[in-house]
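Accompanying notes for the structure given below.
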Amino acid sequence: MTERGHGSNVKRIQTEATFDLSAQEFVIHTPCEDAVKMYIGNAMHGNYAAVFAQLIVDGRSQGPHCFIVPVRDESGSLYPGVTAIDMMYKEGLHGVDNGILIFDKVRIPRDNLLDKFGSLAPGGQYYSPIEDKSARFNAILAALTPSRLAVTFQAMGAMKLGLTIAIRYSHSRRQFGPKAEEEVKIIAHQTQSLRLMPHLATTLALTFASRYAGGLLDEDIFQGKELVDSRPLQALVAGLKAYSTWENIRCLQDCRECTGGMGYMMENRISGLKCDTDVFVTFEGDNVVMLQVVVRELLAQYTKQCQERPLASWLRSWAESGGDNLRTSFLAFTANTVGALTFLLKAVNFRERVLQRGLVARIYYKVVTKKEDFFGAWNSCLHHVASLSLAHVHRVTLEQFYLAARRCPEPEHRALLMKFGKERDRLERLPQKNKEKDTEADPSAFCRLHINKSSSPVEGDKLTPGASSKEETGQFCLLYGTKLVFQERAWYLEHKYLTPAASTRIRSQLLDLCDSVKDDALRVISAFNIPHAFLHAPIAGIANPRATWAFYPAPLRPKPAAKL
Ligand SMILES: Cc1cc2nc3c(=O)[nH]c(=O)nc-3n(C[C@H](O)[C@H](O)[C@H](O)COP(=O)(O)OP(=O)(O)OC[C@H]3O[C@@H](n4cnc5c(N)ncnc54)[C@H](O)[C@@H]3O)c2cc1C
């Protein structure tokens with residue numbers, strides 16, 4: 001797909017596939033230097049390439065289409081007209097070569113056009129079920145949705161691995177401590193849990209949100225629904241891809257720093273993971289471009305609603321806006337609820353709503369009132385676009401985390417979660433020195449996801465961090481929501497959704513939660529069920545004869561209780 005001249009802007013690629021009627025063939029050609037295919041995975045060894053090119057019939061381009069082009073024979077020799085150049089060393093992903101492909105009038109049969117969205121009759125008549133060229137192009141690109149979701153899962157895999165290594169090491173490495181006493185585990189340093197626990201909560205949240213997206217994708221496939229008809233799903237996956245891959249980079253950097261010099265050693269995996277996954281933010285669609293996919297869909301839905309039911313939409317928007325104004329006028333009375341998950345769910349909903357209203361108003365003013373061209377208007381709002389897009393993904397992710405914790409579909413897991421809720425209370429009453437032993441023997445090792453009885457994500461009971469009541473919900477879920485609001489506290493203060501006092505409480509809540517879940521974190525990473533053979537980092541307690549100097553005994557070994 002990618003060319004030297006065009007990466008994100010695939011529509012403008014220049015490789016040509018010209019139909020030769022008499023030979024019933026396409027001629028694949030690279031017309032200029034900007035049209036050479038770049039970064040192509042497996043370009044140095046593959047036998048076939050799926051090449052995106054402008055389909056040209058009778059001198060007219062029908063837009064980018066995909067063609068299967070044989071590039072090498074069985075013995076690995078390039079076919080005439082194909083040139084492949086290795087792009088050499090990269091930051092990571094050394095197991096795959098990436099190269100340049102150049103085509104000099106390479107002929108392929110007419111059948112090699114992947115013709116789901118555009119076909120060519122033997123007589124040269126072009127037919128597409130989608131008349132509009134832009135819509136057709138979007139339909140072709142919709143095929144990237146599953147691989148974008150796959151990148152999200154890969155990013156989560158790297159986060160789970162990095163966190164497992166960093167958390168295990170943090171529970172066995174000791175530095176500093178009270179005078180004349182044993183030094184404390186480094187996880188006991190406040191900044192250590194503050195750097196690692198929010199990433200763990202985010203990883204859990206992303207796990208549930210991605211499973212939700214995967215479930216929707218499965219449903220569509222089983223029902224024979226075309227991906228092109230699931231625009232909201234395409235947008236959700238684009239947003240999750242951007243969010244998860246950025247979170248992965250931040251998470252691995254913190255894991256690296258939290259494991260000190262040991263984390264920098266290749267034997268301990270984290271630096272390799274960082275190098276391999278850095279590019280996730282760029283390939284399968286640059287993240288900033290992905291954020292725009294999300295917002296285009298949000299605005300399309302908004303416009304559709306307004307066109308279909310103008311009065312109802314106007315009334316709803318008016319009511320929401322009035323409600324938001326009221327809410328922000330009486331903040332002082334709600335400040336004490338920041339510990340409630342419902343408050344956090346409402347806060348992320350509020351942020352998304354306000355950002356969306358603001359963006360619609362901005363674009364309307366520029367395009368309709370000031371008659372600016374759409375590209376210029378959109379470009380001058382990109383910062384807001386990116387904020388809205390992430391706010392949307394944050395909201396969906398928190399809601400999915402909440403719903404997953406509440407529903408917990410499998411009775412066995414639900415029982416484990418409930419049991420762990422009770423188990424924790426019992427453990428807290430035990431003397432400190434017995435705790436680890438007891439935890440090791442606990443077969444219900446899982447994570448602290450207490451179940452909320454409320455039925456709606458934004459309505460329910462107030463929660464207090466660490467409270468042990470029947471209204472408890474997941475501490476990690478609460479931590480994730482707290483992190484989301486904490487990281488945007490300047491915005492919430494600007495919009496008077498938080499008072500300075502509430503903002504201070506959010507900070508204390510974040511610190512308290514990070515501290516309270518730091519021991520449970522061992523159970524959560526154990527529930528990731530990463531086999532030792534894949535973990536193989538000596539600082540995570542996996543001995544390696546090549547690097548005995550890096551070995552740290554595993555802090556504890558709870559039996560894996562469930563998979564996350
Ligand atoms: C290791 C690796 C493997 C790859 N494998 C393949 C492969 O197998 N096949 C393939 O076809 N491609 C592959 N790619 C290419 C990859 O998909 C592109 O690099 C990616 O789409 C970005 O394109 P670009 O590099 O041209 O960056 P550009 O599109 O030039 O982007 C550069 C910068 O400009 C910004 N930008 C661009 N457009 C906008 C916009 N509209 N709004 C705001 N900002 C914008 C981006 O955010 C980015 O920061 C691979 C790349 C790498 C590094």
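Counting starts at 1 for both ligands and their atoms, in listed order.
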Check: H6 N/O within less than 3.5 Å of ligand 1 N/O: no
Polar contact flag for Q292 and ligand 1 (N/O pairs, less than 3.5 Å): yes
Side chains of T18 and D20, donor plus acceptor under 3.5 Å: no
For atom 3 (C) of ligand 1, closest protein heavy-atom neighbour: N98 ND2, 3.1 Å
Identity and distance of the protein heavy atom lying nearest atom 39 (C) of ligand 1: V289 CG2, 4.0 Å
Per-residue contact class, T2 against ligand 1 - non-hydrogen pairs under 4.0 Å: both
Derivation of the side chain to side chain contact (heavy atoms under 4.5 Å, CB included) call for T2 and V10: CA-CA 7 Å; T2 308; V10 181; over 6 Å; no
Contact atoms of ligand 1, heavy-atom distance to G7 under 4.0 Å: 23 (O), 24 (P), 26 (O)
Atom 9 (N) of ligand 1 [closest protein heavy-atom partner, distance rounded to 0.1 Å]: I40 CD1, 3.8 Å
Near-ring test Y126/H65, centroid separation under 6.0 angstrom: yes
Atom 6 (C) of ligand 1 - nearest protein heavy atom and its distance: Y39 O, 3.1 Å
Part of T282 within contact of ligand 1 (heavy atoms, under 4.0 Å): both
F19 vs D58, side chain to side chain contact (heavy atoms under 4.5 Å, CB included): CA-CA, chis, key distance, verdict: CA-CA 8 Å; F19 185 55; D58 292 333; over 6 Å; no
Test item: protein heavy atom less than 4.0 Å from atom 33 (C) of ligand 1: no
Sidechain-backbone polar pair: R4 side chain, E33 backbone, donor-acceptor under 3.5 Å: no
Option whose closest heavy atom lies nearest to atom 8 (O) of ligand 1, chosen from A49, G41, A50: G41
Cation-pi geometry met for R362 and W378 (6.0 Å, 45°): no
Non-hydrogen atom of K37 closer than 4.0 Å to ligand 1: no
Any donor-acceptor N/O pair, Q54 side chain to T15 backbone, under 3.5 Å: no
Main-chain N/O of F67 paired with N112 side-chain donor or acceptor, under 3.5 Å: no
Interfacing atoms of ligand 1 (cut-off 4.0 Å, heavy-atom, M1): 11 (O)
Selected option - heavy-atom contact closest to atom 2 (C) of ligand 1, from F280, F283, W378: F283
Test item, L93 contacting ligand 1 (heavy atom, 4.0 angstrom): no
Short side-chain to backbone donor-acceptor contact, K90 and V96, under 3.5 Å: yes
Per-atom contacts of ligand 1 with V279, taking only distances under 4.0 Å to non-hydrogen atoms: 1 (C), 52 (C), 53 (C)
Side chain to side chain, R250 and W246, heavy atoms closer than 4.5 Å: yes
Nearest-contact summary for atom 44 (N) of ligand 1 - protein heavy atom, Å: V288 CG1, 4.0 Å
Protein heavy-atom partner closest to atom 35 (C) of ligand 1 - residue, atom, separation in Å: D286 OD2, 4.7 Å
Nearest neighbour in protein (non-hydrogen) for atom 37 (C) of ligand 1: S8 OG, 4.0 Å
T30 side chain to C32 backbone, donor-acceptor under 3.5 Å: no
Heavy atom of protein inside 4.0 Å of atom 46 (C) of ligand 1, strictly below: yes
Any non-hydrogen protein atom less than 4.0 Å away from atom 42 (N) of ligand 1: yes
Mutual orientation of the aromatic rings belonging to Y243 and H394 [parallel < 30°, tilted 30-60°, perpendicular > 60°]: perpendicular
Ring centres under 6.0 angstrom apart (H94, Y89): no
